[in-house]
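Proteins get letters first, then strands, A, B, ... in listed order; numbering begins at 1 in each.
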Amino acid sequence: MDDSDPTATPDPPSAPDPDPGPPGGDAETLAAAVDADTGAGELERTIGLVGGLAIGVGTMVGAGIFVFPGLAAANAGPAASLSFAIGAVIALLVALPASELATAMPRSGGGYFFISRGLGTAAGAVVGLGLWLGLVFASAFYLVGLGSYAGQVFLEAGIALPVDPAVPLGVAFGVGLTVLSLFGTENTAALQNGIVVLLLVILTVFLSYGSLDALGVFGVQSTPERFFPPGGALPVLQTAALVFTSYLGFAQVATVAGDIREPSRNLPLAMVGSVLIVGVLYVVTIFVATSAFGSARLGEFGETAMVEVARSFVGLPGALAIVFAGLLATFSSANASILSASRAVYAVSRDGILPAAASRLNLAYGTPHVALGLAGGPIVVLAATGRVALLAEVASFLHLVMYGLICVALIRLRRERPAWYDPSFRCPAGVAVAGVGGLASFALIAFMQPASIGVGAAVMLAAYGWYRHYATDIELAGDF
Amino acid sequence: MTETPTDDGERAANDDHGAPGDRPDAAAPTDRPSVLVPLEVLKGASLPNGTPELLANAHVVLLGYHVIPEQTAAEQAREQFGETGMAKLDEFADAFAAAGADVETRLVFTHDEATTIDRLIYEHDCLAVLVPNGVAQVESVLFPLRGTVGVERNSRLVAGLFADTDVDVTLYHALGADESPEDGASFAADVAAALAERGIAEDRIDTVVEDATVPVDAIADRAASYDVVVMGETDPSVTTFVFGMPSAQVAERFLGPVLVVQRARPEE
């Protein structure tokens, strides 16, 4: 099925204007609001700007604030805030070209769709399968984070557990979330919006208080630690590579591009806006956290370091608020990633790179049960390993490859100007931004741990092998 | 049954009257009123009984929709269910056409049915939306009046659908708090005269004016002895937030078809 263009359809009321001219007034807003009917029905776009931002922020905020501060500070000291800033800049350099591509191809599938259409099937297959598995790794990472916060609940309640509950709880949540998404809860979007708003409120209060405290407003100014770690710039860049998982969510906005209202306006705003929002939050968080404790101490607290930071400010109520916020944030990140992973499976299966059965919907619940299983199963297995840093880095690795190729796709499409390429948002200084963004994405991979690079490369090789085995005769470049 | 074969003129005709909908042209009583019929096409097995006959004189905008959960991409649902949905919708459209209506069909996959219904009302400039419930035979219509606003549109719909039939129309008016019975009666008489002018025989029009503490309850109770209810949409207010739209409450209790007349939509 392809949705080439509205001229082929006899009946939609937009018929009088057969030429989908770019600067059209009403015709364009109408086309933007609803996909043309191709004889099999039209699609209602129901996600607005707030919904788009909530997807982006909701997916990202769990990692950067509630899982990484301890690990990052242990590696890079107060300069970890610089690591987060580097991540934000790279994410922005990719978000802008990705926005342009998304407005030219506002379809579900996101980065996979842009790359398969812009660069062809081989690159598309590697990225598409890589995106699915990248999201699987990311979800497993979030689940371990969620498990850590759930375990913290027991600690706060004074219940001593014989083993560290983070991993078993994470696995349990993984199973639970997969089952939940199989049986169609129709209000997930409203719930997600609510969670994100609540989180932003809690974080704003907490970070404002923390910043004032760090600056000495409430008493003794904290002793400033040496900003750079002993290793100089290298640990900072390595940490940037580690924590880049905190910026994966903006691409998830593009994976639901097919459902976003007025995509030419809302897609770029949601993608760039969500990176800016979380970037600022992350940098401030590290500043606050490293002002409250020494970096080494923070590192000992591990995934739930922020709970101890809050406790040092306002005691138990603060700790409880952060435990609660951490549960919400990691829950929403894990949930969003599981759904995105199943959408990635759908996108590649629609194009024939995976068997069509992978995207079947269950009529009773309307949910893609096979795709959700293909997401949920490996997620649970990976969560059981409990290797937070490895999971995060592999997720980042697979996403960074996609980001780099998104930039390459933009440059190539700008050069070749195929007739179908007509973005309604153009990235300012597009080729330059994409060039720098692409280089930076690939470069960041070099600072990861060898084990992560190995696993990531193996996943990509396997994806390429699958393509050679199964999908060599599929031609996707420029196919709509 | 008047044959109105020009279905392509409908949009243009509506767009051409410069003024935005609120002053619809009274000089076009033969214009078929357009009625949106939303059906959850893949879930409901069949068209509710009697619906094609009820709307034989209408321009029917048949909306087949399928609500998909948030975690499913709309495209995915369309790919899998689009053809089935279309086939079913075409079958329903044939039933409407056989009864004499002109029909347009739209099939929409949506995460939110309210958004979709709202958009289509606007795009097709629909006078009313049908709450599709079955009806054995249409012989009597309850037409509750709710103040002067929008009464013109309601009358246009009632006359458009039932002028050429022998359906009895009962105008029902619940008196407002500071309204005398005489005022109420004269208001109802004005509407009755307007209906007569639009082609409904006077002997088929009946008026009831009464005091009712809760008009919605009175309408719903009374509806039981009628086949169809035609009522206006109300502005959302605090009460409607708590109890739902009066038209929805009536539809829920009445169990027969309700035609909900839409307010004139302001042009964007």
Side-chain angles (χ1 to χ4, degrees), chain A residues 1 3 11-16 26 29-30 33-35 37-47 51 107-109 180-192 255-259 261 335 338-340 342-343 346-347 349-350 356 359-363 365-368 371-372, chain B residues 7-8 10-12 14-15 34 38-43 61-90 93 103-120 122-126 267-268:
Chain A
M1 298 270 134
D3 324 70
D11 61 351
S14 52
D26 275 17
T29 43
L30 202 78
V34 190
D35 276 7
D37 192 338
T38 54
E42 56 199 289
L43 309 176
E44 190 77 49
R45 294 175 173 274
T46 46
I47 302 178
R107 297 296 162 74
S108 294
L180 191 71
S181 48
L182 275 174
F183 297 107
T185 43
E186 292 194 8
N187 296 320
T188 49
L191 190 68
Q192 174 90 335
T255 64
V256 296
D259 292 346
R261 240 181 281 142
N335 187 44
I338 291 175
L339 297 186
S340 295
S342 90
R343 288 197 175 203
Y346 159 63
S349 134
R350 171 185 59 187
S359 62
R360 297 306 287 174
L361 290 185
N362 179 313
L363 182 57
Y365 297 104
T367 51
L372 282 167
Chain B
D7 76 317
D8 57 336
E10 163 265 343
R11 259 189 92 75
N14 285 330
D15 291 349
S34 45
L39 290 172
E40 200 166 6
V41 72
L42 290 160
K43 289 261 171 76
V61 179
L62 182 57
L63 161 65
Y65 65 93
H66 184 60
V67 180
I68 39 188
E70 310 274 357
Q71 59 266 55
T72 307
E75 286 166 87
Q76 193 171 356
R78 171 170 71 180
E79 195 165 295
Q80 196 169 331
F81 305 129
E83 283 175 29
T84 324
M86 227 31 164
K88 218 156 175 188
L89 204 55
D90 285 343
V103 197
E104 271 183 273
T105 56
R106 298 285 291 269
L107 177 64
V108 183
F109 291 90
T110 181
H111 293 293
D112 178 28
E113 60 183 284
T115 309
T116 302
I117 291 176
D118 223 50
R119 176 172 64 85
L120 288 190
Y122 185 79
E123 279 179 20
H124 290 268
D125 197 11
C126 291
E267 213 96 314
E268 267 184 303

### Query
Is there side-chain contact between A:L43 and B:R78, with heavy atoms separated by less than 4.5 Å?
yes
#### Entry: Portion of B:F81 that has a non-hydrogen atom of chain A nearer than 4.5 angstrom
side chain
### Message
Just so I understand: if I count every heavy-atom pair under 4.5 Å between each of B:T110, B:V108, B:L89 and chain A, which residue has the most?
### Response
B:V108
### Message
Given 3.5 Å as the limit, does a donor-acceptor pair link the side chain of A:Y346 with the main chain of B:Q76, or not?
### Response
yes
## Note on the structure
Sorted by chain and residue number, the side-chain contact (heavy atoms from CB on, under 4.5 Å) partners of B:T84 (sequence neighbours excluded) come out as B:L42
#### Entry: Contact class of B:Q80 relative to chain A, heavy atoms under 4.5 angstrom
side chain
### Summary
Cut-off 4.5 Å, heavy atoms of chain B, and the answer for A:S359 is both
### Nearest-0.5 Å distance that lies between atom OG1 in A:T367 and atom CD1 in B:I68
11.5 Å
